[in-house]
Amino acid sequence: MNVFERFRGHVVAVIDGLAEDGAVPREMDLARVAVEPPRDPNHGDMTTNAAMVLAGQAAMKPKALARVLAERICQLDDVADASVAGPGFVNLRLEDSFWRARLAEILRSGPAYGDSFIGGGEPVNVEFVSANPTGPLHVGHSRGAVIGDALAALLEKTGYKVTREYYVNDAGAQVDKLADAAYWRYLEALGDKVSQTVIESFLQGNDLEYRGDYLVPVGARLAERDGPKWVEAARDEWLPEVRAFVVEEMMGLIRRDLDALGIRFDVFTSERAIVAEGKVDEALRFLEARDLIYTGVLDPPKGKKPDDWEPRPQTLFRASAFGDDVDRPLRKSDGAWTYFATDIAYHLDKVLRGYQTMINVWGADHGGYVKRMQAAVKALTEGQGALDVKLCQMVSLYENGEPVAMSKRAGAFVATADVVERVGKDVVRFIMLTRRNDAPLDFDFAKVTERTRDNPVFYVQYAHARVRSLFRLGAEMFGAGGLDADALATAALNRLTDADEVGLIKALAGWPRLVEGAAEAHEPHRVAYYLQAVAAQFHALWNKGKDDANLRFLVEEDPELSRARLALAQGVATVIASGLRIFGVTPVEEMR
RNA sequence: GCGCCCGUAGCUCAGUCGGAUAGAGCACCAGAUUCCUAAUCUGGGGGUCGCAGGUUCAAAUCCUGCCGGGCGCGCCA
């Protein structure tokens, strides 16, 4: 439980006590009572709005109620002072000893510090990346990959049972086109065994979309495995084989990219398998039984009527009954299921596997698809379940301020693997998490690797490295004994008396609350901003030691004080490591 | 035309289920520093939170309308 929740409990107890004494009514609704950090630290360590939100129920003026509350809150353990401020806030200042005890707690917990149980073991399905298996991942994909993975880690840390899932879109027309291209490369790979005229006639009959070199080795491997057996075969014959082969190969490429990013999935679900196992029919029967499917004619989109539009009866899902703007088609004119229909089946499959809470991470170009999918999930879970969709905006690459051309049409997209190779997994992951998912992100190769304060990766990593370097020096000065975290938890922490030292502990003690807030909001980027703030505070304290030798972390003639300060430094490293672990970023021992 | 997202300092962006005098980095200005506890530090100026209404004890935050930008818009995935 975070420290603010703990004090909220104390404040509630105070209110109950007042009710016992008849000073306020019993049975007040306390749901809106909050204990939070004040925006301005000058207001104290914690603040509560209790008097303001209860004034009506208590039939008292906010300030009068605040005074009564403050008087009793003052008597609580660990509270140094409680005062009324503004329109009726009660501000609490806590004893330094309380904060020092939090530091000991951090050291004993280690990287588990900030773990929470708010999830209560609830299963959550996080579906992300889900890039079509038609080629390697490009940088845009890596943003969704990192956000999904970090969000999953954040939820795990707060007590949810998380499944990381990848939906393999291996059933649409795109993979057929991919198979065509692979077949072309296969013919080429057979060399002398195939005449040029065969290849050319194949090329003439096909407008190949996927001409990238990455299919060359795929064609070669297929030729090696199957020999010339498909050369004379009709497309109907080779297509299923070639398609399965190339999809497997592409998923191999994608897994390799994901590996490079340090991302592992628990489940890969195949769209083709969903269809083959009859799950679409199952899902539609489910909806049909609830009268949510009918045949009807949709109006054309207002103000933008497609040229070939004509009224046509379609099989429709009543999405508009669940918040969507219009009902949505489930069947194409050739009778095949729409992508939406199979996606409904896929999400019913998730529900049947036990998920009521689902999160999907998509590219921003899928924005128009969100409402209908949420409508479907509501229908499939009888209103009990929820689908949150995180839309990721574009990543723009820069080379020292100059935009890197990466139009997909020109085939000049930048591969995730290339970016990772150039700046490293840790930099890619951290930078991708320094913006909200719904804000565009600029990624400048020069800036993300420069060693200055305005590079957040460097600044946070540097703080961790500085702590490690302190410990190397400390071990030289005082010997390595007694410098492990458990031992430091028993150091003379009451020697930490400087306001900035205690202030740093307060920042560290805010970690569990931040984690919970970020997890509940599904916003991993908050962790990045928090880590930057902690790093900044630590660096500032360190710099004070340059002006005033008494404030240096290691004071040779005072081992007791040095040990206390090493404990503080270790607390910083612990919290940073705990945060970086959520990000999948390795904390560094030194900067080289 | 409709829907979704966004609009906060010169720039890039944070802003906690509504909370007090709206924050950070860069840039700018002024001081300090040449140190190895490394790849500067300290302080300062700078805001009608796109605009206009509304709800509330309290609005950058919630609601409505407008303005501006991005994405999408019956059978694609």
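Order of the sequence lines sets the chain letters (A, B, ...), proteins ahead of strands, with each chain counted from 1. Worth saying up front: this structure is predicted, and the values here are computed from it rather than measured.
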Result for 5'-nearest mapping on RNA chain B, choosing between A/Y339 and A/Y462, is A/Y462
Those residues at least two apart in sequence (or on a different chain) that pass ring-ring contact (aromatic ring centres under 6.0 Å, His included) with A/F458 are A/Y462
Using the C1' atom as the point on both nucleotides, what is the distance between B/G47 and B/A30, in whole Å? 22 Å
request  = Indicate, with a heavy-atom threshold strictly under 4.0 Å, whether A/P456 touches base, sugar-phosphate, or nothing.
outcome  = nothing
For this session: Using the P atoms only, state how far B/U16 lies from B/A59, rounded to an integer number of Å.
Result: 16 Å
Quiz item: With a 4.0 Å cut-off on heavy atoms, is A/R312 in touch with a base, just the backbone sugar-phosphate, or nothing at all?
Solution: base
Give me the distance, rounded to whole Å, that separates B/A14 from B/A24 when you measure between the P atoms they each carry. 16 Å
Within the pair A/R372 and B/G3, is there a side-chain N or O less than 4.0 Å away from OP1 or OP2?
-> no
Using a cut-off of 4.0 Å on non-hydrogen atoms, how would the nucleic acid contact of A/L554 be classed: base, sugar-phosphate, or nothing?
base
TODO: Verify the neighbour count for atom CG of A/D207: are there more than 12 heavy atoms of other residues, nucleotides or ligands below 6.0 Å?
DONE: no
task: Indicate, with a heavy-atom threshold strictly under 4.0 Å, whether A/H366 touches base, sugar-phosphate, or nothing.
output: base
Partner of A/V35 under side-chain contact (heavy atoms from CB on, under 4.5 Å), picked from A/V11, A/V3, A/N2, is A/V11
What integer number of Å spans the P atoms of B/C26 and B/C41? 8 Å
To the nearest angstrom, the CG-P distance between A/D365 and B/A77 comes to 15 Å
Self-check item: P gap between B/C76 and B/U61, integer Å
Solution: 40 Å
Note to self: Between A/K371 and B/G3, is there a contact of a side-chain N or O with OP1 or OP2 at under 4.0 Å?
What the structure shows: no
To the nearest angstrom, the CG-C1' distance between A/L473 and B/A38 comes to 11 Å
With the side chain defined as heavy atoms from C-beta on, A/Q174 is closest, among B/C76, B/G15, B/U12, to B/C76
Note: for A/R331 and A/P37 on RNA chain B, the residue whose nearest nucleotide lies more 5' is A/P37
Quick note, A/P329 side chain, CB onward, closest among B/A77, B/G74, B/U42 is B/G74
In terms of the angle between their ring planes, are A/W511 and A/Y530 parallel, tilted or perpendicular, with boundaries placed at 30° and 60°? parallel
- So, are A/R436 and A/D438 salt-bridged, with charged N and O less than 4.0 Å apart? yes
note: A/L441, atom CG; B/C6, atom P; distance rounded to Å ~ 16 Å
| request: Report which part of the nucleic acid A/R435 touches: base, sugar-phosphate, or nothing (heavy-atom distance under 4.0 Å, all strands). | output: sugar-phosphate
Here the distance between atom C1' of B/A38 and atom CD of A/E450, to the nearest Å, is 17 Å
If pairing means Watson-Crick or G-U wobble with both distances under 3.5 Å, then the partner of B/G18 is none
Worksheet item: So, is A/K332 close to the B/A77 phosphate, meaning a side-chain N or O under 4.0 Å from OP1 or OP2?
Response: yes
Each nucleotide N or O in nucleotides 19-23 of chain B that has a protein N or O under 3.5 Å away: list the pair and distance.
{"from": "B/A20", "atom 1": "OP2", "to": "A/R39", "atom 2": "NE", "distance (Å)": "3.4"}
{"from": "B/A20", "atom 1": "OP2", "to": "A/R39", "atom 2": "NH1", "distance (Å)": "3.3"}
{"from": "B/A20", "atom 1": "N6", "to": "A/T47", "atom 2": "OG1", "distance (Å)": "2.8"}
{"from": "B/A20", "atom 1": "N6", "to": "A/N91", "atom 2": "OD1", "distance (Å)": "2.7"}
{"from": "B/A20", "atom 1": "N1", "to": "A/N91", "atom 2": "OD1", "distance (Å)": "3.3"}
{"from": "B/A20", "atom 1": "N1", "to": "A/N91", "atom 2": "ND2", "distance (Å)": "2.9"}

### Task
Indicate, with a heavy-atom threshold strictly under 4.0 Å, whether A/K544 touches base, sugar-phosphate, or nothing.
nothing
**OP:** Check every strand shown and say whether A/G545 touches a base, only sugar-phosphate, or nothing at a heavy-atom separation below 4.0 Å.
**Re:** nothing
By the Watson-Crick or G-U definition, both distances under 3.5 Å, B/C76 is matched with none
Does a salt bridge link A/R8 with A/E5, judged by any charged N lying under 4.0 Å from a carboxylate O?
no
How would you label the contact of A/Q537 with the nucleic acid (heavy atoms, under 4.0 Å): base, sugar-phosphate, or nothing? nothing
When both distances are under 3.5 Å in a Watson-Crick or G-U wobble arrangement, the nucleotide paired with B/C28 is B/G44
Determine the Euclidean distance between corresponding C1' atoms of B/U21 and B/C67; express it in Å to zero decimal places. 30 Å
Paired to B/G65 by Watson-Crick or G-U wobble criteria (both distances under 3.5 Å) is B/C51
Original post:
Does the pair A/K350/A/E127 count as a salt bridge with the N-to-O cut at 4.0 Å?
Top reply: yes
Under 4.0 Å between a side-chain N or O of A/R526 and OP1 or OP2 of B/A14? no
When rounded to whole Å, the CG to P distance for the pair A/D547 and B/U40 reads 16 Å
For the C1' atoms, the ones on B/C13 and on B/C17, what distance do you get once it is rounded to whole angstrom? 23 Å
**Report entry** Pair A/K544 + A/D498, salt bridge at N-O below 4.0 Å
**Finding:** yes
Next on the checklist: Is the phosphate of B/C71 approached by A/W362 (side-chain N or O, under 4.0 Å from OP1 or OP2)?
Outcome noted: no
* Ion pair A/E501/A/R565, N-O distance below 4.0 Å -> yes
Please determine if a side-chain N or O atom of A/Y369 lies less than 4.0 Å away from the OP1 or OP2 oxygen of B/G72. no
Among B/G15, B/C41, B/C75, the one nearest any side-chain atom of A/R453 is B/C41
To the nearest angstrom, the CD1-P distance between A/I431 and B/U12 comes to 17 Å
*Touch class at under 4.0 angstrom, heavy-atom based, for A/A521 against every strand present*: nothing
(message) For the C1' atoms, the ones on B/A60 and on B/G7, what distance do you get once it is rounded to whole angstrom?
(response) 11 Å
Does a side-chain N or O from A/K546 land closer than 4.0 Å to OP1 or OP2 of B/U34, or not? no
query = Quick one: is the NZ or CZ of A/R468 closer than 6.0 Å to the six-membered ring centre of A/F471, and within 45° of its axis?
reply = yes
To the nearest angstrom, the CG-P distance between A/D500 and B/U42 comes to 10 Å
### Task
Identify whether the distance between the nearest side-chain nitrogen and carboxylate oxygen of A/D81 and A/R93 falls below 4.0 Å.
yes
Separation of B/A24 atom C1' from A/H525 atom NE2, nearest Å, is 13 Å
Out of B/A39, B/G74, B/C41, minimum distance to the side chain of A/R451 belongs to B/A39
Polar pair under 3.5 Å, donor/acceptor by atom type, side chain A/R513, base B/U16:
yes
